[in-house]
2 protein chains.
Amino acid sequence: MNFVHPSREDITLEGVLSALADPMRLRIVRFLYENRGNCASCAEAAPCPKMAKSTLSNHFRILREAGLIRTVKHGVEHRSVLRKEDINARFPGLLELILKLAA
Amino acid sequence: MNFVHPSREDITLEGVLSALADPMRLRIVRFLYENRGNCASCAEAAPCPKMAKSTLSNHFRILREAGLIRTVKHGVEHRSVLRKEDINARFPGLLELILKLAA
DNA sequence: TTCAATAGTTCAATATAATTGAAATATTGA
DNA sequence: TCAATATTTCAATTATATTGAACTATTGAA
């Protein structure tokens, strides 16, 4: 169960936009952003308590495949960080603007 | 056959992002943007020649319902304009940034 | 070491959305 | 009146999202 992450160059605008177009995923990203570089488990970053685990897991997979987060195993948890540098290198200002506008 | 457009306040970030997350729709929006306020028929703004008419029509519907374009009948054509002012009033800088980054 | 608890993932089923060809609608010009 | 044009609507197919249930991996306690 090791995760596949796209390299920085493989992050696409289409992928980023469609990942962020979902309100639940945007809330996950905001949480990670405000977590300032710290990892968070899926449960910690969950956008709402009543969401099915499998749905949450799927949202994390979409964020991961879009290149927005990086996930590593850490004991029984899977911890994710926002790939802020990669996203800003590829699409400068986009992440911050979207988070600001979604406030 | 008159079109329903959301009012400025009803334009949502989610709607705008998911409308722009499709490469064909992004090309339509780019075309309209570069058209500088001028209307364009569906056929003129078509992102690729081989796309089915019904698919194109559906993309215009999605753009319209997201509040990105305004469409009016003009003879046998349905002409669309980008709702630049409305989008910028609601989400300042977003449209220009996405178009720039997608360049 | 065994076992239960925890955290996520995968699977299969259902529900929702996108794509397309074909048929329908509306407008104009001959 | 009729054919041409531009686009929409419809129905079928295909793709994507959501969920509960079963599965996997890791840890901590008895």
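Naming: A, B, ... by sequence-line order, numbering from 1 per chain.
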**Student:** Picking from L17(B), D22(B), L101(B), what satisfies side-chain contact (heavy atoms from CB on, under 4.5 Å) with L17(A)?
**Tutor:**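 Going through L17(B), D22(B), L101(B) one by one, the side-chain contact (heavy atoms from CB on, under 4.5 Å) with L17(A) is satisfied by L17(B) alone.
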**Student:** Side chain of C42(A) only, heavy atoms from C-beta on: which candidate in dT8(D), dA18(C), dG8(C) is closest?
**Tutor:**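 So the nucleotide nearest the side chain must be dG8(C).
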**Student:** Closer than 4.0 Å, any side-chain N/O of R79(B) to the OP1 or OP2 of dT27(C)?
**Tutor:**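 For R79(B), the contact criterion (side-chain N or O under 4.0 Å from OP1 or OP2 of dT27(C)) is not met.
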**Student:** Considering only side-chain heavy atoms of N58(A), which listed nucleotide, dA17(D), dA6(D), dT8(D), is closest?
**Tutor:**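 Within the option list, the nearest is dA17(D).
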**Student:** For a quick test of reading the model: is some side-chain N or O of K73(B) closer than 4.0 Å to OP1 or OP2 of dT27(C)?
**Tutor:**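 For dT27(C), OP1/OP2 do have a side-chain N/O of K73(B) under 4.0 Å.
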**Student:** What's the CG-P distance between L56(B) and dT20(C), to the nearest Å?
**Tutor:**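 About 11 Å, once rounded to whole Å.
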**Student:** For D86(B), run the salt bridge (charged side-chain N to carboxylate O under 4.0 Å, His left out) check against R83(B), R90(B), K84(B) and tell me which one passes.
**Tutor:**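 It is R83(B); the other options fail the test.
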**Student:** Side chain of S57(A), base of dG8(C): donor and acceptor closer than 3.5 Å?
**Tutor:**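 For S57(A), whose side chain was compared with the base of dG8(C), there is no donor-acceptor pair (under 3.5 Å).
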**Student:** Which heavy atom of R27(A) sits nearest a heavy atom of P47(A), and at what distance?
**Tutor:**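 Taking R27(A) first and P47(A) second, the nearest heavy atoms are NH2-O, 2.5 Å.
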**Student:** Is V72(A) linked to I28(A) within one hydrophobic cluster, defined over Ile, Leu, Val, Met, Phe, Trp and Tyr using a side-chain heavy-atom separation of less than 4.5 Å?
**Tutor:**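 Different hydrophobic clusters.
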**Student:** Just compare dT19(D), dT9(C), dA18(C) and give me whichever is closest to any side-chain atom of A52(A).
**Tutor:**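 Output: dT19(D).
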**Student:** Using the ring centroid of each side chain, check whether F60(A) and H78(A) are separated by less than 6.0 Å.
**Tutor:**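 When the ring centroids of F60(A) and H78(A) are compared, they turn out to be at least 6.0 Å apart.
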**Student:** Both distances below 3.5 Å, Watson-Crick or wobble geometry, any strand: find the nucleotide opposite dA30(D).
**Tutor:**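 In the structure as shown, dA30(D) has dT1(C) as its Watson-Crick or wobble partner.
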**Student:** Send over the distance from H74(B) NE2 to dT7(D) C1', rounded to a whole Å.
**Tutor:**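 Atom NE2 in H74(B) sits about 16 Å away from atom C1' in dT7(D).
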**Student:** Of all the choices, dT18(D), dG8(C), dA6(D), which nucleotide is nearest to the side chain of V76(B) once you look at every atom?
**Tutor:**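 Output: dA6(D).
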**Student:** Assign H59(B) to base, sugar-phosphate, or nothing according to its heavy-atom contacts below 4.0 angstrom with the strands shown.
**Tutor:**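 Counting heavy atoms under 4.0 Å across all strands, the contact made by H59(B) is with sugar-phosphate only.
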**Student:** Go nucleotide by nucleotide along DNA chain C from the 5' end; which of R61(A) and E77(A) gets its closest nucleotide reached first?
**Tutor:**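 Closer to the 5' end of DNA chain C: E77(A).
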**Student:** Just how far, in rounded Å, is P of dA6(D) from CZ of F3(B)?
**Tutor:**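 Rounded to the whole Å, the gap is 15 Å.
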**Student:** Could you state the CD-C1' distance from E65(B) to dT8(D), rounded to the nearest angstrom?
**Tutor:**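 Going from E65(B) (CD) to dT8(D) (C1'), I get 13 Å.
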**Student:** In Watson-Crick or G-U wobble terms, both distances under 3.5 Å, what is the partner of dA30(C)?
**Tutor:**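 Answer to the pairing question: dT1(D), which forms a Watson-Crick or G-U pair with dA30(C).
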**Student:** Rounded off to whole Å, could you give me the CD1-to-P distance for the I62(B) and dA17(C) pair?
**Tutor:**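 Rounding to the nearest Å, CD1 of I62(B) and P of dA17(C) are 10 Å apart.
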**Student:** What pair of heavy atoms forms the shortest contact from L26(B) to A102(B), and how long is it?
**Tutor:**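 Minimum heavy-atom contact is CD2-CB, 3.5 Å.
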**Student:** Nearest whole angstrom, please: distance from the C1' of dA6(D) to the NE2 of H78(B).
**Tutor:**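 Going from H78(B) (NE2) to dA6(D) (C1'), I get 7 Å.
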**Student:** With respect to the side chain of S54(A), which nucleotide from dA22(C), dA21(D), dA25(D) is positioned closest?
**Tutor:**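 It is dA21(D).
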**Student:** Round to the nearest Å and state the distance from M51(B) atom CE to dG21(C) atom P.
**Tutor:**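 Spelled out: CE on M51(B) to P on dG21(C) is 12 Å.
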**Student:** If each of K53(A) and A43(B) is mapped to the nucleotide of DNA chain D with the nearest heavy atom, which maps nearer the 5' terminus, i.e. the 5' end?
**Tutor:**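 By nearest-heavy-atom nucleotide position, the 5'-most residue is A43(B).
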**Student:** If I take atom NZ in residue K50(A) and atom P in nucleotide dG20(D), what distance separates them, rounded to the nearest angstrom?
**Tutor:**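 So the two atoms are 13 Å apart, to the nearest Å.
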